[in-house]
Amino acid sequence: MDKFMQIAIDEARKAQKMGNYPYGSVLVRGTEVIGVGRNHMNTHNDPTSHAEIEAIRAAGLQGTYADTVMYASAFPCIMCAGPIVMLGIPELIVGASWEGCESSRAFMESNGVKIKVLELEECRELLR
């Protein structure tokens, strides 16, 4: 298993243990993690506190995102797809897809985001 995907999975498990939805994400530049996030919707009472958004927030303002890769334990929703496209994050590696993610996938792909879905059993189990 890729070490960055493992971080995303670990974050998803931490989110779940805290009473949040089991989603984790990591933003990477080369071999360096620049942002890590997990879902905090319930604990922060914030409907926008999704893992991908939290990873971007943790990375802070970057001069460019063109050389980054986002890892997500599950496919990002349409809300999270927006910043991925807007910031120019060129690549997304996903642990598992879910029913209904097709619109966010189509949106990102139509805006040039390269997507690789691994369909890892460990990630699919988190979605159950």
Side-chain angles (χ1 to χ4, degrees):
M1 161 109 40
D2 181 290
K3 68 180 180 179
F4 301 123
M5 181 55 70
Q6 187 60 58
I7 294 169
I9 292 168
D10 292 345
E11 289 299 311
R13 285 194 180 118
K14 290 175 188 174
Q16 188 174 45
K17 286 180 184 175
M18 294 175 66
N20 295 294
Y21 299 102
Y23 300 104
S25 188
V26 182
L27 189 60
V28 176
R29 174 175 284 120
T31 60
E32 179 187 356
V33 172
I34 61 171
V36 176
R38 70 179 84 123
N39 185 289
H40 285 286
M41 283 178 55
N42 295 327
T43 53
H44 290 178
N45 191 32
D46 179 355
T48 68
S49 186
H50 291 199
E52 298 84 359
I53 302 296
E54 294 299 328
I56 291 168
R57 287 177 180 153
L61 188 59
Q62 301 288 310
T64 183
Y65 296 85
D67 58 347
T68 64
V69 177
M70 169 131 341
Y71 289 77
S73 62
F75 211 92
C77 70
I78 194 71
M79 179 182 75
C80 295
I84 291 169
V85 168
M86 184 194 82
L87 296 171
I89 297 170
E91 186 175 355
L92 172 67
I93 300 174
V94 179
S97 58
W98 44 271
E99 189 175 329
C101 71
E102 296 82 12
S103 61
S104 61
R105 181 176 190 152
F107 171 71
M108 287 187 282
E109 287 180 331
S110 71
N111 282 280
V113 179
K114 178 184 168 194
I115 298 171
K116 181 177 183 181
V117 182
L118 304 175
E119 295 299 357
L120 300 172
E121 184 57 34
E122 193 169 7
C123 293
R124 286 194 297 260
E125 284 180 25
L126 283 166
L127 293 172
R128 290 186 189 121

In Å and rounded to the nearest 0.5 Å, what is the CE to NE2 distance from M18 to H44?
-> 6.0 Å

Rounded distance [0.5 Å steps], OG in S73 versus CZ in R13 | 10.0 Å

Transitive ILVMFWY side-chain link I89 to V94, under 4.5 Å = yes

Before giving the answer on side chain to side chain contact (heavy atoms under 4.5 Å, CB included), spell out for E125 and E122 the whole-Å C-alpha distance, their side-chain angles and the decisive distance to 0.1 Å.
-> CA-CA 5 Å; E125 284 180 25; E122 193 169 7; 5.9 Å; no

Could you pull out the closest heavy-atom pair between T31 and K3, with the gap in Å?
-> O-NZ, 4.5 Å

Mind checking what makes salt bridge (charged side-chain N to carboxylate O under 4.0 Å, His left out) contact with D46, not counting sequence neighbours?
-> none

Could you state whether V69 and M86 fall into the same hydrophobic cluster, counting links through intermediate Ile, Leu, Val, Met, Phe, Trp or Tyr residues with side-chain heavy atoms under 4.5 angstrom apart?
-> no

At what distance, to the nearest 0.5 angstrom, does NE2 of H50 lie from CE of M79?
-> 3.5 Å

Tell me, do Y71 and D2 make a side-chain contact under 4.5 Å, heavy atoms counted?
-> yes

Within-4.5 Å side-chain heavy-atom neighbours: I84 and M108 = yes

How many angstroms lie between atom OG1 of T64 and atom CG of L87, to the nearest 0.5 angstrom?
-> 9.5 Å

Write down the atom of L118, the atom of I93, and the distance for their closest heavy-atom approach.
-> CD1-CG2, 3.9 Å

Linking I/L/V/M/F/W/Y whenever their side-chain heavy atoms sit closer than 4.5 Å, directly or via other members, would F75 and M5 fall into one cluster?
-> no

Between CD1 on residue I78 and CD on residue E102, distance to nearest 0.5 Å = 11.0 Å

Can you name the nearest heavy-atom pair linking I9 to L120, along with the distance?
-> CD1-CD1, 4.3 Å

Could you give the distance from OG (S110) to CZ (R105), rounded to the nearest 0.5 Å?
-> 12.5 Å

Flag the pair L92 / P76 as yes when at least one side-chain heavy-atom distance between them is below 4.5 Å, and no otherwise.
-> yes

Transitively linked via ILVMFWY side-chain contacts under 4.5 Å: I115 with Y65?
-> yes

Passes side chain to side chain contact (heavy atoms under 4.5 Å, CB included), K17 versus R38? Steps please.
-> CA-CA 11 Å; K17 286 180 184 175; R38 70 179 84 123; over 6 Å; no

Determine, for E11 against K14, whether the closest basic-nitrogen to carboxylate-oxygen distance falls under 4.0 angstrom.
-> yes

Over 12 foreign heavy atoms within 6.0 Å of CZ, F107 | yes

Quick one: does L126's side chain get under 4.5 Å of Y23's, heavy atoms only?
-> no

Main-chain N/O of A81 paired to S104 side chain as donor or acceptor, under 3.5 Å = no

Indicate yes or no for a side-chain donor-acceptor contact from T68 to the backbone of L27 under 3.5 Å, with no hydrogens or angles considered.
-> no

Same cluster for I7 and V28 if Ile/Leu/Val/Met/Phe/Trp/Tyr side chains link at under 4.5 Å?
-> yes

What residues, two or more places apart in sequence or in another chain, satisfy salt bridge (charged side-chain N to carboxylate O under 4.0 Å, His left out) together with R124?
-> E119, E121

Check A66 against P90 and note the closest heavy-atom contact, atom names and distance.
-> O-CG, 3.2 Å

Main-chain N/O of P22 paired to N39 side chain as donor or acceptor, under 3.5 Å = no

Side-chain donor-acceptor pairs of residues 54-61 under 3.5 Å, sequence neighbours excluded:
residue : atom : partner : partner atom : Å
E54     : OE2  : S49     : OG           : 2.8
E54     : OE2  : R57     : NH1          : 2.7

